[in-house]
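Quick notes on the structure that follows.
For the numbers below, each heavy atom of this structure counts, side chains included, while hydrogens, waters and symmetry mates do not.
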Amino acid sequence: MARAMFEYTKTILDKVSFDPSLFCREVKKAIDRLLPHEIDELRLWILALTKQNPELNQCLIYLNT
């Protein structure tokens, strides 16, 4: 079940990646819902995504806590 939440989170983040403020809001929600090892995986996924969309870099601050 938890893995499904991780995949769902990635889908949502991918869909809202056009808007950095909305993306950051969804990242905050994801941190509250995901398991610690999934947050680490999400961090790696977002780092790869920000290479394509550098405007999303501001959201990395939420993942470094």
| query | About how many Å separate OG1 of T9 and CD1 of I31, when rounded to the nearest 0.5 Å? | reply | 10.5 Å

| request: With the side chain counted from C-beta on, respond yes when L42 and E38 share a heavy-atom pair under 4.5 Å apart, and no when they do not. | output: no

| remark: In this structure, CG of L44 is separated from CG of L49 (nearest 0.5 Å) by 12.5 Å

N/O donor-acceptor pairs under 3.5 Å from side chains in residues 50-58, not counting sequence neighbours:
{"residue": "T50", "atom": "OG1", "partner": "I46", "partner atom": "O", "Å": "3.2"}
{"residue": "T50", "atom": "OG1", "partner": "L47", "partner atom": "O", "Å": "2.8"}
{"residue": "T50", "atom": "OG1", "partner": "N57", "partner atom": "OD1", "Å": "3.4"}
{"residue": "N57", "atom": "ND2", "partner": "P54", "partner atom": "O", "Å": "3.3"}

| W45 versus L13: any side-chain heavy-atom pair under 4.5 Å? | yes

| Just how far is it from atom CG of L34 to atom CE of M5, taken to the nearest 0.5 Å? | 7.5 Å

| Taking atom NZ of K28 and atom CG of L63, what is their separation to the nearest 0.5 Å? | 12.0 Å

| task | Kindly give the heavy-atom pair with the smallest separation between R3 and E41, and that separation in Å. | result | NH1-OE2, 3.0 Å

Please list, one pair per line, the donor and acceptor atoms closer than 3.5 Å that link side chains of residues 16-26 to other protein atoms, with sequence neighbours excluded.
{"residue": "S17", "atom": "OG", "partner": "D14", "partner atom": "O", "Å": "2.9"}
{"residue": "D19", "atom": "OD1", "partner": "S21", "partner atom": "N", "Å": "3.3"}
{"residue": "D19", "atom": "OD1", "partner": "S21", "partner atom": "OG", "Å": "3.1"}
{"residue": "E26", "atom": "OE2", "partner": "K29", "partner atom": "NZ", "Å": "3.2"}

